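All remarks here apply to the structure that follows.
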Amino acid sequence: MLLEFDDQEGLIRDRELLDPNYVVEEDRIVGRDEQLQEVTKMLRVALGDNRPPNLFLYGPSGTGKSLITKAVCHNISHICESRDIRFGTVEVNCQDLDTLGIAVYELVQQAADAAGVPVEVPKHGVATKEKWDELYRIVNEHFDSVVFVLDELDMLVGRRDKQEPAFSRLLYQLSRAGANDELDAYISVVAISNDTKMMESVGSRAVSSFTPEDVHFDDYDANQLQAILRRRQDAFHDDVVDDDVIPLAAAFAAQTHGDARKAIDLMRVAGELAEREGDNRVSEKHVRTAQEKVEKNRVLEVVRGISTQKKLCLYATAAVASQTDGGSARSTTGYRVYQYLTDAIDADQYHQETYVNKMKELTTYSLVDFERRSHGPSSGMFLEFQFGESPGTILETLREDSRIEAISEEEVTSVVKAQIRNQT
């Protein structure tokens, strides 16, 4: 079977182009001319052996923040090499880093990889200061200029008993290192976040030393997403993609915050489905199947890692949204359904304020968004949650948890409908 599959020509010619994290050439970057120029203008200072400014890139997921940063740093690296300037890019994704110490070690590891040298401190069992010292040693010995790219920085919260989040302490330490003569090399810190309000949580000391240039990235619209996909259509062999495939994939991605990663991923999954089914073309049916698969996989990846309480909050809110015309849910109604769920499985029951805070935390995963609303003096103020994905998909995925599966779907629907009637 393997040999038979190997003999097939397949539909996909260059799979790297269908990887959302692959660094493409500048002429493939679409709809981000202004941001590309801004980042290039500010980081190009490194070409003259000078210190570039710090940057804060913010906007929704999949809008080109990481892509443009990588592309610009890649180009700078090539030019610096020809000018005998030792330029390095040290990039870490903070999503899965739990503490400041782990984050610093990851920076050490990435810096060592970029320099082609071993790390001389262990990951565990030493003070964080020793890890900082190792980072400074590697940078000073092997680089003239370094750009530290901290992707999804807002996810690095760290220990709850600290007065400020770990990402604030990381920014402070990195941005102060040069001023304290701990680093001889020029360094720039590029902080990337989906949370537009992240800087509000940064401590005053870090703010005064970090002082970044802000670059905003807004959602891609459907036309821009189509253009992005057309610039990657040569990932497929000639004339194997139906005309309606790219517009449909772009439309699906535009519905969920204009996420280019999702659009590219849809094209990849659609192509792989067509190949596995032995079809000789990628068609609309493959895109629709891919949409269901990609959406469920992403939701599954997120919800598997969250606590039971967050699952209950999310399930209650999605259950309400699934029964409303606009696919949204009031926090007040969602909380009453959450109370029903916790009673049904005899779980701890949080106050409404904690329920709302749990839902707000889920906005960082791009599953939900919210707006503050009021429907007249009698209804008071409440938050209205909107879902980036289908509420039905979220409910189906959450029911893979055995505790939630034990709750009757019919009874939940009945409770939701009763609460929606009571809210008017």
Side-chain angles (χ1 to χ4, degrees), residues 35 38-39 41-43 45-46 50-61 65-66 69 90-108 110-111 127-136 139 145-217 353-354 356-358 360-364 370 372:
Q35 291 88 346
E38 284 189 66
V39 174
K41 179 175 63 178
M42 287 182 275
L43 292 185
V45 175
N50 293 298
R51 178 191 175 280
N54 297 322
L55 304 180
F56 176 47
L57 277 52
Y58 64 96
S61 176
K65 302 182 296 296
S66 303
T69 304
V90 177
E91 180 189 359
V92 297
N93 189 304
C94 301
Q95 182 174 8
D96 298 319
L97 305 181
D98 298 326
T99 65
L100 178 61
I102 294 294
V104 177
Y105 187 84
E106 186 68 19
L107 288 173
V108 173
Q110 296 303 319
T128 302
K129 183 182 184 305
E130 291 189 46
K131 298 174 185 177
W132 278 117
D133 290 341
E134 176 69 353
L135 178 65
Y136 300 152
V139 171
S145 183
V146 173
V147 173
F148 289 97
V149 182
L150 310 176
D151 203 355
E152 299 196 63
L153 181 59
D154 55 289
M155 303 298 284
L156 180 63
V157 177
R159 289 168 49 186
R160 301 287 180 179
D161 59 338
K162 297 292 184 181
Q163 291 184 337
E164 59 182 325
F167 63 72
S168 178
R169 289 175 279 142
L170 181 64
L171 286 177
Y172 175 74
Q173 192 73 26
L174 273 179
S175 54
R176 288 290 297 167
N180 293 343
D181 297 325
E182 291 162 312
L183 280 175
D184 301 324
Y186 297 111
I187 74 159
S188 170
V189 180
V190 179
I192 301 177
S193 174
N194 300 337
D195 184 359
T196 59
K197 297 181 179 180
M198 188 200 81
M199 290 302 296
E200 295 178 9
S201 301
V202 174
S204 57
R205 294 187 313 158
V207 168
S208 62
S209 60
F210 181 44
T211 57
E213 299 284 345
D214 292 357
V215 184
H216 174 61
F217 289 70
E353 181 182 359
T354 306
V356 168
N357 287 335
K358 295 290 182 186
K360 283 182 177 179
E361 288 177 23
L362 290 168
T363 61
T364 60
F370 66 88
R372 194 169 295 278

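Being a predicted model, the structure only gives us computed values, none of them experimental.
- One N or O on the side chain of Ser209 and one on the backbone of Arg205 form a donor-acceptor pair closer than 3.5 Å.
- Rounding to the nearest 0.5 Å places CE of Met155 at 11.0 Å from CZ of Phe167.
- When every heavy atom of Ser168 is checked against every heavy atom of Ser201, the shortest pair comes out as CB-O, 4.3 Å.
- Residues passing the ring pair (Phe, Tyr, Trp, His ring centres under 6.0 Å) test with Tyr136, sequence neighbours excluded: Trp132.
- Annotation: side chain of Thr363 is in contact with side chain of Phe370 (closest heavy-atom distance under 4.5 Å).
- Between Leu153 and Leu170 there is a side-chain heavy-atom pair separated by less than 4.5 Å.
- The OG1 atom of Thr128 sits 12.5 Å away from atom CG of Leu135, with the distance rounded to the nearest 0.5 Å.
- Annotation: side chain to side chain donor-acceptor pair (under 3.5 Å) contacts of Asp133 (sequence neighbours excluded): Lys129.
- Between Val189 and Leu150 the shortest heavy-atom distance is CG1-CD1, 3.7 Å.
- At a threshold of 4.5 Å between non-hydrogen side-chain atoms, the residues Val190 and Asn54 do not count as touching.
- Summarising the geometry of Ala185 relative to Val139, their closest heavy-atom pair is CB-CG1, 3.7 Å, with the distance given to 0.1 Å.
- Between the side chain of Ser175 and the backbone N or O of Leu171 there is at least one donor-acceptor pair closer than 3.5 Å.
- For the pair Ser188 (side chain) and Val147 (backbone), a donor-acceptor distance under 3.5 Å is absent.
- Glu134 contributes atom CD, which lies 12.5 Å from atom CG of Leu107 (distance to the nearest 0.5 angstrom).
- Scanning all heavy atoms of the two residues, the minimum distance from Asn194 to Pro60 falls at OD1-C, 4.0 Å.
- In this structure, Ser193 contributes its side chain and Glu152 its backbone to no donor-acceptor pair below 3.5 Å.
- Side-chain contact between Leu43 and Pro52: present, with at least one pair of heavy atoms (C-beta onward) separated by less than 4.5 Å.
- The distance from the CG atom of Asp214 to the CE atom of Met199 is 7.0 Å, given to the nearest 0.5 Å.
- Residues Glu91 and Gln110 share a closest heavy-atom pair of O-CG, 3.4 Å.
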Inset, instruction - Step by step, work out the side-chain contact (heavy atoms from CB on, under 4.5 Å) result for Leu55 and Val39. - result: CA-CA 8 Å; Leu55 304 180; Val39 174; 4.3 Å; yes
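- Rounded to the nearest 0.5 angstrom, Leu156 CG and Thr99 OG1 are separated by 8.0 Å.
- The backbone N or O of Ile187 sits less than 3.5 Å from a side-chain atom of Arg51, completing a donor-acceptor pair.
- For the pair Ile192 and Ser66, the minimum side-chain heavy-atom distance is below 4.5 Å.
- Put simply, the side chain of Lys65 gets close to the backbone of Gly59: a donor and an acceptor are under 3.5 Å apart.
- For Tyr58, the ring pair (Phe, Tyr, Trp, His ring centres under 6.0 Å) partners at least two apart in sequence or on another chain are Phe56, His216.
- Between Val108 and Lys131, the shortest heavy-atom contact is CG2-O, 3.3 Å.
- Between the CD atom in Glu200 and the CG atom in Asp195 there is a gap of 8.0 Å [rounded to 0.5 Å].
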